[in-house]
2 protein chains.
Amino acid sequence: MPSSRLDEIDRKILAELQADGRMTNVELASRVGISAPPCLRRVRTLEEQGYIRGYHADVDARELGFEVQVYAMVGLQSQAEADLSAFEERCRNWPLVRECHMLNGEVDFILKCVAPDLSTFQRFLTEELTAADNVGSVKTSLVIRGAKDEPGVPFDVLEERLNRSA
Amino acid sequence: MPSSRLDEIDRKILAELQADGRMTNVELASRVGISAPPCLRRVRTLEEQGYIRGYHADVDARELGFEVQVYAMVGLQSQAEADLSAFEERCRNWPLVRECHMLNGEVDFILKCVAPDLSTFQRFLTEELTAADNVGSVKTSLVIRGAKDEPGVPFDVLEERLNRSA
DNA sequence: GTGATGACGAAATATTATTGCGCAAGCTAG
DNA sequence: CTAGCTTGCGCAATAATATTTCGTCATCAC
């Protein structure tokens, strides 16, 4: 089992690759202040240890014709673990559902959905989601516009925190 | 102005890079069935035209100590455009807020937040978010667990749709 | 001390990215 | 129908990167 705690260089690597996942290893190495070979070794290790789950191009959904984005709040009738899992599995199989998170509070799940147009979404909503087994309530909200969309880790907060405890 | 409609190869490129943003151009070219140089030219064009907004490593926030993820539903007191914009700008400056989307319906905004622990989030919630100018109501829900998290475009749906209209 | 361990970096090699052409297909005007 | 233009492909050469190899140094346990 690897010791696995990260040093400052590892954190810099993660921050840089989160900001630009296609940066060359040479550029990355120079930014974090070491030479290319150890830098690449660190990246591989971070990938293997799961700190980096993958790399993805950020594709503009609207440009591709997915004009509609919706958040759906879903309440189930039964919250037994088997029923929760079953619903999660169904979400994984619905391509229009891009995210599904289980929440505490009045609502059981929040879903982020996309669709080419409203009628496609409405059809999905009425024929699939609302109609699905064990689904009690569904409340949807259209996304009017996005103001910030930077999933990931706020590395500046992380560094502050480490400096304080140091 | 570029003609800008995408052909099947472009869509395949986008799908592949969305799935693996660090794929080499050689590998990508072979997957989409053309040679490397035109493939690279297409990628550059897609970037320039905004179909690809960027590339990002998907970093595991929990592994880095951000144990808490929260959705916050925010209602404002005034929905005048200037006030909406002001709130959005504030969200962009809060590092714990990773996403901010304006919604229709009862709630004005949904925010996705992360924090190292509950007390850090509570402090942010009470001292920053709830206390901010023009903020009326805030309801928060902790993410218990994530079941699906694949932001992006469902290219299979897109292809189906194009085949139908063809 | 001294041998084991881990990580670095220079140098060599293997892969990729990128550039520079030439060619062919599709279009258009005459 | 055909010259001339446009667009996009791919080969081949070149420039950059990635990756491997290996020698060195610091640390640490004994």
Side-chain angles (χ1 to χ4, degrees), chain A residues 1-60 63-65 155 158-159 162-163 165-166, chain B residues 1-60 63-65 155 158-159 162-163 165-166:
Chain A
M1 202 84 308
S3 70
S4 113
R5 175 142 283 125
L6 306 179
D7 64 14
E8 187 177 344
I9 293 179
D10 289 317
R11 294 193 300 273
K12 273 193 195 171
I13 288 175
L14 292 173
E16 292 290 348
L17 287 180
Q18 177 174 278
D20 177 4
R22 274 208 99 149
M23 187 179 299
T24 68
N25 182 58
V26 168
E27 170 71 12
L28 180 61
S30 117
R31 290 198 187 200
V32 304
I34 60 179
S35 65
C39 185
L40 188 60
R41 283 191 290 262
R42 279 167 181 262
V43 171
R44 296 286 179 252
T45 303
L46 290 168
E47 289 167 357
E48 280 162 21
Q49 291 181 162
Y51 289 100
I52 298 176
R53 294 206 201 87
Y55 302 87
H56 305 283
D58 176 13
V59 176
D60 190 321
E63 287 296 317
L64 273 145
F155 280 97
L158 179 57
E159 293 302 332
L162 293 172
N163 291 338
S165 68
Chain B
M1 203 78 311
S3 70
S4 113
R5 174 144 284 124
L6 305 180
D7 63 14
E8 188 178 342
I9 293 179
D10 290 317
R11 293 193 299 273
K12 274 192 194 171
I13 289 175
L14 292 174
E16 293 290 349
L17 287 180
Q18 177 174 278
D20 177 4
R22 273 208 100 145
M23 187 177 299
T24 67
N25 182 59
V26 168
E27 170 72 12
L28 179 61
S30 117
R31 291 199 187 198
V32 305
I34 59 179
S35 65
C39 184
L40 187 60
R41 286 191 289 262
R42 278 168 181 261
V43 171
R44 297 285 179 254
T45 302
L46 291 168
E47 290 168 355
E48 279 161 22
Q49 290 181 162
Y51 289 99
I52 298 175
R53 294 204 200 89
Y55 303 87
H56 305 283
D58 176 12
V59 175
D60 190 321
E63 286 295 317
L64 275 148
F155 281 96
L158 180 57
E159 293 302 333
L162 293 172
N163 290 338
S165 69

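Since this is a predicted model, take the numbers as computed values, not measurements. The chains referred to below are lettered A, B, ... by the order of the sequence lines, with proteins before strands, and numbering in each begins at 1.
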*Tell me, which pairs form a side-chain hydrogen bond (donor to acceptor under 3.5 Å, both in side chains) where one or both residues lie in residues 17-30 of chain B, sequence neighbours left out?*
B:Glu27-B:Arg31

_Sugar-phosphate, base or nothing in reach of B:Arg41, heavy atoms under 4.0 Å_ = base

*If you fit an axis to the five pairs at each end of the helix from C:dG1-D:dC30 to C:dG30-D:dC1, how big is the angle between those two axes, to 10 degrees?*
30°

*asked:* side chain to side chain contact (heavy atoms under 4.5 Å, CB included), that's the test. Do B:Tyr51 and B:Asp10 meet it? Break it down for me.
replied: CA-CA 10 Å; B:Tyr51 289 99; B:Asp10 290 317; over 6 Å; no

*If you look at every heavy atom in A:Cys39 and A:Val32, which pair is closest and at what distance?*
SG-CG2, 4.3 Å

_Just verifying a value: how many Å separate B:Ile13 CD1 and B:Leu46 CG, rounded to the nearest 0.5 Å?_
6.0 Å

*Distance, nearest 0.5 Å, that separates CG of A:Leu64 from CG of B:Leu158*: 6.0 Å

*How would you list, by chain and number, every residue that makes a salt bridge (Lys or Arg N to Asp or Glu O under 4.0 Å) with A:Arg53, sequence neighbours excluded?*
B:Asp58, B:Asp60

*Check side chain to side chain contact (heavy atoms under 4.5 Å, CB included) between A:Thr45 and all other residues, then give those that pass, not counting sequence neighbours.*
A:Gln49

*Looking at residues at least two apart in the chain, or sitting in another chain, which of them share a side chain to side chain contact (heavy atoms under 4.5 Å, CB included) with B:Glu47?*
B:Val43, B:Arg44, B:Ile52, B:Tyr55

_Heavy-atom side-chain proximity of B:Arg42 to B:Asp7 below 4.5 angstrom_ = yes

Is there any protein nitrogen or oxygen under 3.5 Å from a nitrogen or oxygen in nucleotides 16-19 of chain D, and what are the pairs?
unit_1: D:dA18; atom_1: OP1; unit_2: A:Asn25; atom_2: N; d: 2.7
unit_1: D:dA18; atom_1: OP2; unit_2: A:Asn25; atom_2: N; d: 2.9
unit_1: D:dA18; atom_1: OP2; unit_2: A:Val26; atom_2: N; d: 2.9
unit_1: D:dT19; atom_1: OP1; unit_2: A:Arg44; atom_2: NH2; d: 3.1
unit_1: D:dT19; atom_1: OP2; unit_2: A:Arg44; atom_2: NH2; d: 2.4

*Along DNA chain C, 5' to 3', what are the outermost nucleotides having an atom less than 4.0 Å from a heavy atom of chain B?*
C:dT16 to C:dT19

*Hey, is the main chain of A:Leu6 close enough, under 3.5 Å, to the side chain of A:Arg11 for a donor-acceptor pair?*
yes

_For B:Glu8, all residues meeting side chain to side chain donor-acceptor pair (under 3.5 Å), sequence neighbours excluded_ = none

Could you list all N or O pairs between the protein and nucleotides 5-7 of chain D that sit under 3.5 Å apart?
none

